[in-house]
Each structure stands twice: as structure tokens, then as C-alpha cells.
*Asks:* 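So that we are looking at the same thing, I have put the structure below in C-alpha cells.
First listed ligand is number 1; within each ligand, the first listed atom is number 1.
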Amino acid sequence: MSSPAAFLGPEGTFTDAALYVLRPDLTSEQRLACDGVEAVFEAVRSGAAAVGVVPLENSVEGGVTATTAELLNGDPLLITGEVTLDVRFSLVAREGTHLADVKHVVTHPHAQAQCRGWLGRTLPQAQTLPAASTAAAAQIVAEPGSGYDAAISAPIAGERYGLRELATDIGDRSAAATRFVLLSPPGPLPEPTGHDRTSLAAFLADDHPGALAELLNQFSVRDVNLTRLESRPTGDRLGNYCFVIDAEGHVVESRLGEALMGIRRSCRDVRFLGSYPRGDASVEIPTLLPRRTATDTDFHRAQEWLERIRAGGVS
Ligand SMILES: O=C(O)C(=O)Cc1ccccc1
């Protein structure tokens, strides 16, 4: 059997669903459930798994800290794919438990954050405690002596661990979405598709007025659209940050390659995190004033022009 695909387990997590969407071809023997985001990275780094899937960010709570930390530290892995899923949460409990009995809820911190309003209104006296994943929470509740009355998880996790749904669709925002990424060991990049994303982490060389603006300018002057910007402490000392950036495009494209070169020249360090096909639905948002952006051909022409004038030509 070929090396399996690791995911944040156990079976029934949202990450399990994301892996299914990304790699529907895999059999259950080819799927390796890990008990934490760190364990997924470790499985791919050690070669125990060929690829891994982890949650990266969601539309309510923002970035998944453990994933960002692993992407920035330790042996580098590349993001080679992504998928964005609508997440819907249920409150699940053992047979015979009623909503009024629920005093202790267990779930993943991101699920708790996305159901905070519902929990406050419906179970104001209940205490919510963290688990490594929503399915791990359901598994804990399934054990009668666990001391937990209910879990917040995907409905499928409730079914998998023999629990009953006490409440459905309890997320505070119906349009909540989570983005998951596929991780691979360093190697060939996915081919450009024309609808790609590039991720990187930039560590500024020094702290001065406009340092972040200069970094962002490398993208804006080349008409590269950013889709995400997150600042993360480097861990060295208070006030030292690194910027995690997602940009539209693939590193083989001129504009993105040039932007990355510009950043590499001015930053203390840059970690390239991958160029990969975008997983979001490519819905065209109509704008009142559509603006033309430079094409890759424009970049090639400009480069040829530069070479001509460097060689003594005038145009
Ligand atoms: O715990 C899970 O099921 C995960 O896959 C992580 C997660 C938690 C909450 C929202 C989205 C993903």
C-alpha cells in the first residue's frame, strides 16, 4: 500500500470531510487519523504519510494557531492544495440526555467560538471545555463515565460515535466556512492552473516606519491581489512579527516571481509555503468600474523593454 494521507482525526472531523473532498480516491486504509495538527505535520515530515490535511483558517475565528505555527517552524512543508467547506455544527449527546441536563460541553475551540452566541442563549449555565477536534469531543461524550454531557461536532461525528442530535445548526453564522490545506513534503510544485494561490511568510529585516507598506507594495505595484494577511509573533520578543501572506497567482508567473524577489531582497527571511490551485468557488463579483490589470504578457514585454534599454536601445 502507498503511504497514507494524514488528517486531524479521529474519523468524523471536518478535516476528515476535507480530505474526502480533496482525495476521494483514497480507501479507508489509506487515511491516517492523527490526534492533533502537530501530529499531521509530523506524519508528513517523517514520511509516515505522503500528504496531510489540516484546518488553516475559518471565516469567524480566523487562523488556526497550531497550523500557522507548524507552517512557520520546523522542517518546511509545502501547501499543494486547499478546499473551503461550509461547516455546520450540532449538539450531540448520549441517548437519554436532554438539553436541560447539559452542564458540561466539550468541543474544538474553533467550534466553541463559532457557537458562542447559541451556547450563551441556550445553555448559559453550561461549561465548555476544549478537545483536540470535534470528533474527539464526540468520542469522549460517547464514554458514559466521561463527565461530559454533550459535544459540538459535525452531525456525522455524532452518528459515528452513537450519539443523538439534541440541536442542529447551532453555529452563530450560517455562512461560516473553514479553509483546509493539503500538505506535501518539499518537491515539485503543482502546475499553474490560472486560478492559483501562493502562500509565504515574510520576516521583516528591521522595524521602521512604512516597513509593512513597503512589503505590501511589492504586490500592489505588480497588480497582485492579496487574499489574506496575518501577523504572527515570531516568538523572539514582544513586538517582533512575521507576516503570513496569501496572494493570487502562481510563483512561475512573472508578476508573482518578481514580487517574491522584491520581498526576498528586503526581508530578513522569507518562507515560501507553496503555489497551489485555489479551492474557492470562482464566482465573479460584478464591479461597477471594472479595472484592467496587467497581464503576464505585459510583464514579459516590460522585461524585454528593460533588457533593450540596458543594452543601449531607446525603446
Ligand atoms: O475538529 C474538527 O472537526 C476539525 O476538523 C477542526 C475544525 C474545528 C472547527 C471548525 C472547523 C474545523
Side-chain angles (χ1 to χ4, degrees), residues 4-24 26 28 31-44 49 51-71 79 81-93 105-119 128-142 146 148 150-161 163 165 167-183 228 230 279-280:
F7 65 98
L8 171 64
E11 284 179 19
T13 58
F14 293 106
T15 314
D16 188 6
L19 173 58
Y20 188 76
V21 175
L22 286 162
R23 295 291 307 272
L26 297 180
S28 54
R31 304 163 68 89
L32 176 67
C34 297
D35 59 10
V37 160
E38 293 83 355
V40 175
F41 275 82
E42 191 39 44
V44 183
V51 290
V53 180
V54 288
L56 179 69
E57 60 164 336
N58 74 65
S59 57
V60 177
E61 186 62 0
V64 177
T65 314
T67 300
T68 310
E70 286 292 332
L71 281 171
I79 302 176
E82 67 169 16
V83 64
T84 300
L85 296 184
D86 290 339
V87 286
R88 289 180 186 278
F89 302 100
S90 292
L91 188 76
V92 296
V105 178
V106 58
T107 192
H108 186 278
H110 274 244
Q112 180 185 358
Q114 293 179 62
C115 301
R116 193 166 280 136
W118 185 90
L119 283 167
T128 305
L129 293 120
S133 71
T134 55
Q139 224 176 17
I140 292 169
V141 170
S146 71
Y148 292 98
I152 296 175
S153 70
I156 189 168
E159 275 170 39
R160 178 108 19 147
Y161 300 105
L163 303 173
E165 258 182 270
T168 310
D169 234 341
I170 63 171
D172 298 329
R173 288 177 189 257
S174 54
T178 300
R179 188 175 150 218
F180 299 84
V181 287
L182 184 70
L183 305 165
R228 181 171 181 232
E230 187 185 352
D280 49 8

*Asks:* Using a strict 4.0 Å cut-off to heavy atoms of Thr13, name the atoms of ligand 1 that fall inside it.
*Replies:* 2 (C), 3 (O), 5 (O)
*Asks:* Which residue in the set Ile170, Val92, Val106 passes side-chain contact (heavy atoms from CB on, under 4.5 Å) when paired with Ile152?
*Replies:* Ile170
*Asks:* When you compare ligand 1 with Ala111, is there at least one nitrogen or oxygen pair between them that comes in under 3.5 angstrom?
*Replies:* no
*Asks:* Give me the nearest non-hydrogen protein atom to atom 7 (C) of ligand 1 as residue plus atom name, then the distance to 0.1 Å.
*Replies:* Phe14 CD1, 4.2 Å
*Asks:* Starting from atom 5 (O) of ligand 1, which protein heavy atom do you reach first, and at what distance in Å?
*Replies:*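 For atom 5 (O) of ligand 1, the nearest protein heavy atom comes out as Thr15 OG1, 2.5 Å.
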*Asks:* Less than 4.5 Å apart, side chain to side chain, heavy atoms only: is that true for Pro55 and Val37?
*Replies:*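 Yes; the side chains approach each other to less than 4.5 Å.
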*Asks:* Closest heavy-atom contact between Ser133 and Pro10?
*Replies:* OG-CD, 3.5 Å
*Asks:* List the atom of Leu163, the atom of Ala138, and the distance in Å for their closest heavy-atom pair.
*Replies:* CD1-O, 3.3 Å
*Asks:* Measuring from atom CG of Asp16 to atom CD1 of Ile156, what distance do you get when rounded to the nearest 0.5 angstrom?
*Replies:*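 Going from the CG atom of Asp16 to the CD1 atom of Ile156 covers 7.0 Å.
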*Asks:* Out of all atoms in ligand 1, which are within 4.0 Å of some heavy atom of Ser133? Include the element for each.
*Replies:*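 Contacts of ligand 1 toward Ser133, numbered from 1: 1 (O).
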*Asks:* Please indicate whether any nitrogen or oxygen in Thr134 is less than 3.5 Å from any nitrogen or oxygen in ligand 1.
*Replies:*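 Min N/O separation from ligand 1 is below 3.5 Å for Thr134.
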*Asks:* Heavy-atom contact under 4.0 Å between Thr178 and ligand 1?
*Replies:* yes
*Asks:* Aromatic contact between Phe89 and Phe14, with the criterion being ring centroids under 6.0 Å apart: yes or no?
*Replies:* yes
*Asks:* Tell me the protein heavy atom at minimum distance from atom 8 (C) of ligand 1, and give that distance in Å.
*Replies:*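 For atom 8 (C) of ligand 1, the nearest protein heavy atom is His108 ND1, 3.5 Å.
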